[in-house]
There are 2 protein chains.
Amino acid sequence: MVTIYDIAKQANVSAMTVSKVINNTGKISEKTRARIKKIMEEMNYVPNSMARSLVLQETKMLSLLIPDITNPFFTTVARGAEDAAMRLGYKLLFGNSDESLTKEKEYVDMVLSTRVDGVLFSAASDESAPHLQTLRTHRIPFVLLDRAVPGIDCDTVSGDSREGARKLVEHLIGLGHRRIAMVNGSLAVSTARERLAGYREALKLSDIPEDDSLVLEMNYKHFTDETALRRLLTMPQPPTAVFAGNNFLAVGLIRKLLEFGVRVPEEMSVVCFDDLGASVIDPFFTVVSQPAYQFGAMGIQLLIERIKGVTTPEWKKIVLPSELIVRGSSGKPSAI
Amino acid sequence: MVTIYDIAKQANVSAMTVSKVINNTGKISEKTRARIKKIMEEMNYVPNSMARSLVLQETKMLSLLIPDITNPFFTTVARGAEDAAMRLGYKLLFGNSDESLTKEKEYVDMVLSTRVDGVLFSAASDESAPHLQTLRTHRIPFVLLDRAVPGIDCDTVSGDSREGARKLVEHLIGLGHRRIAMVNGSLAVSTARERLAGYREALKLSDIPEDDSLVLEMNYKHFTDETALRRLLTMPQPPTAVFAGNNFLAVGLIRKLLEFGVRVPEEMSVVCFDDLGASVIDPFFTVVSQPAYQFGAMGIQLLIERIKGVTTPEWKKIVLPSELIVRGSSGKPSAI
DNA sequence: CTGTTAGCGCATTCAC
DNA sequence: GTGAATGCGCTAACAG
């Protein structure tokens with residue numbers, strides 16, 4: 001490996017001079033600067049960022065932890081985060097917790113030993129609190145993304161899940177639905193709770209009685225509980241519409257419905273949170289779409305502001321707007 | 001930041017003893033070992049991997065460069081790579097070149113200064129060769145993933161694009177198609193060339209004359225050339241089937257076809273390389289599916305073998321099998 | 001303008 | 001069993 005000393009020797013200067021050329025600090029004559037630069041080129045010199053970080057006490061690396069790298073919502077977040085980080089001179093270390101606390105913990109340990117300057121953190125669940133406490137203990141700044149964690153007060157970039165859910169359910173109610181089910185992620189995740197709250201709020205506002213047997217709790221990764229769905233469909237008064245807590249649940253749900261021969265939207269309307277990305281031929285779901293790219297970009301921006309201490313001491317809570325997009329998966333209830 | 005010196009002081013031993021406890025090297029009495037471990041716990045000690053890397057001359061970090069983080073094929077690759085890396089004790093630094101050589105170059109520079117132990121590299125195009133030469137100059141081992149790069153001989157994990165393409169086109173021919181178009185990625189990408197070769201091979205084997213005006217070149221990220229498609233559809237003898245070079249091209253293509261009122265598969269069969277992932281409600285495309293997860297996992301495994309030097313000096317070329325999955329997007333040509 | 005000294009946190013080598 | 005010296009590659013603070 002070529003070091004500044006190799007360059008220095010070649011150029012008949014001290015290592016310090018080379019260092020100054022690299023960092024554009026101090027005063028160096030144009031002559032020697034040019035000479036040194038040329039030699040660096042010739043010798044294929046690349047600074048060792050480990051050594052640099054060690055003395056500077058900063059790595060210029062941020063890490064992004066997302067719970068599901070296969071979900072287009074989060075990959076879009078990742079792109080936004082990466083672009084912003086790159087633009088602001090930071091590298092991004094991705095991590096994928098897979099909605100698993102175990103993986104999340106491993107990842108936090110890694111982050112700690114890597115001494116990244118900050119973490120953009122989308123928590124697996126409320127149980128992630130200890131992990132965040134660990135980060136705090138080690139004075140690693142973090143910004144919570146998409147999901148809040150009870151007991152952790154910090155900077156935040158998220159959407160308004162409650163309002164989004166309400167818009168979606170009100171859309172269904174507006175179409176004439178009265179029996180509306182919800183298929184949700186785990187209630188240990190803040191957005192799932194918020195979406196449930198929004199769902200209830202919408203029902204209440206329209207004086208529709210709540211029926212807890214219409215609410216199914218699964219997880220955001222997969223639609224898991226087929227029997228629960230079957231139970232729903234065979235109720236005396238089955239629902240005419242379902243609100244899915246996220247995109248993947250909606251896909252899982254609709255696959256099952258197709259399997260059971262239930263037509264969408266004729267026999268069952270389906271709406272959900274978050275769009276499905278570029279893989280989809282014919283956008284079909286009525287959704288509340290969130291600006292995923294912005295989530296990532298603003299998260300990184302906020303994180304860097306916090307790292308540099310240029311922002312106010314109070315925690316910033318950025319809430320990004322969501323948008324109701326009505327498409328083919330929702331329609332009027334069939335007039336049986 | 002807590003260092004081994006802080007621990008040492010607290011434990012009334014030298015820093016060296018602490019280091020030995022951490023690495024399980026040398027002989028330390030059980031007593032002191034236990035005592036030191038306890039103190040490390042209490043003080044929340046986390047080893048500084050920068051300092052460690054600096055002296056050990058290895059980072060235990062690998063990097064994965066993919067050309068499109070929004071494509072489910074590559075996110076699945078990423079999951080496979082991550083799992084394998086984690087399992088083998090390495091961290092993974094993701095990078096997304098966005099099919100752009102500029103971004104790829106920036107990324108390579110970053111990789112160099114980070115002193116990762118190796119790179120799993122999915123090249124943006126043939127023009128990536130200089131970037132790989134740079135890695136080689138700096139003696140950073142790499143494994144090429146999915147795409148070959150002319151002029152670069154190295155370890156490789158990929159699929160058999162030519163055979164996959166042939167299977168797909170033969171499937172179409174078997175259904176009775178004779179006018180078969182191809183919508184391809186850039187020919188500066190090896191898989192695109194291979195897929196084109198497979199397409200031609202299949203035609204030749206069935207004595208179907210080639211017609212270059214049936215072959216469209218775009219890029220793997222998007223279906224871009226709407227007018228070319230229009231030209232295809234208004235030919236005297238328009239194609240009855242299209243082979244798309246990858247999943248995203250197929251999606252773009254079919255969206256346009258829908259827009260133009262061309263029904264699939266009744267009026268046009270469509271087949272493609274690579275599946276579309278979990279976002280899809282009703283898997284519709286007839287595809288050649290590649291084991292993306294394995295691509296990532298085996299790539300990392302091979303890379304680590306190379307790093308450790310436990311493998312043979314000759315380059316290993318791992319070719320993973322692909323599978324033809326016939327679904328609804330392909331059917332017999334309409335009997336006009 | 002340029003060079004010297006010291007130290008970031010850790011592990012290898014070799015004494016004790 | 002344990003510790004002192006040394007250096008990985010780099011830069012801040014100062015000296016010349």
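Values in this document were obtained by computation on a predicted structure and should not be read as measured data. Residue numbering restarts at 1 for every chain, and letters A, B, ... go by the order of the sequence lines.
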Measure from the side chain of [X], starting at C-beta and using heavy atoms only, and say which of [options] lies closest.
X       : options               : result
A:Val55 : C:dC8, D:dG3, C:dG3   : C:dC8
A:Asn48 : C:dA11, D:dG9, D:dT11 : D:dG9
A:Asn23 : C:dC10, D:dT11, D:dG3 : D:dT11
A:Ile4  : C:dG9, C:dG3, D:dT11  : D:dT11
B:Ser19 : C:dA11, C:dG3, C:dG9  : C:dA11
B:Ser14 : D:dG3, D:dC10, D:dC14 : D:dG3
B:Ile28 : C:dA11, D:dT2, C:dG3  : D:dT2
B:Thr3  : D:dG3, C:dG9, C:dT2   : C:dG9

If only atom types and distance count, is the side chain of [X] paired as donor or acceptor with the main-chain N or O of [Y] below 3.5 Å?
X        : Y        : value
A:Ser49  : B:Ser113 : yes
A:Lys317 : A:Cys154 : yes
A:Ser128 : A:Ala124 : yes

Please figure out whether A:Lys27 or B:Ala51 has its closest DNA chain C nucleotide nearer the 5' end. A:Lys27

Quick check on DNA chain C: between A:Tyr5 and A:Ser29, whose nearest nucleotide comes earlier from the 5' end?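 Looking at DNA chain C, the more 5' nearest nucleotide goes with A:Ser29.
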
Does [X] reach the side chain of [Y], with side-chain heavy atoms less than 4.5 Å apart?
X        : Y        : value
B:Leu62  : B:Val116 : no
A:Leu144 : A:Leu132 : yes
B:Asp146 : B:Val157 : no

Ignoring hydrogens and angles, state whether a donor on the side chain of B:Ser186 or B:Asn219 is under 3.5 Å from an acceptor on the partner side chain. no

Between C:dC8 (P) and B:Met50 (CE): distance, integer Å: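 The answer, rounded to whole Å, is 17 Å.
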
Classify A:Thr32 by what it touches in the nucleic acid, base, sugar-phosphate, or nothing, heavy-atom distance under 4.0 Å.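 Sugar-phosphate contact only.
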
Students often get this wrong, so: under 4.0 angstrom with heavy atoms, is B:Leu56 touching a base, only sugar-phosphate, or nothing?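 It contacts sugar-phosphate atoms only.
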
Inter-axis angle, terminal five-pair segments of the helix from C:dC1-D:dG16 to C:dC16-D:dG1 [nearest 10°]: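 For the helix from C:dC1-D:dG16 to C:dC16-D:dG1, the axes at opposite ends meet at about 40°.
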
Under 3.5 Å donor-acceptor pair, B:Lys31 side-chain atoms to D:dG1 base atoms: no

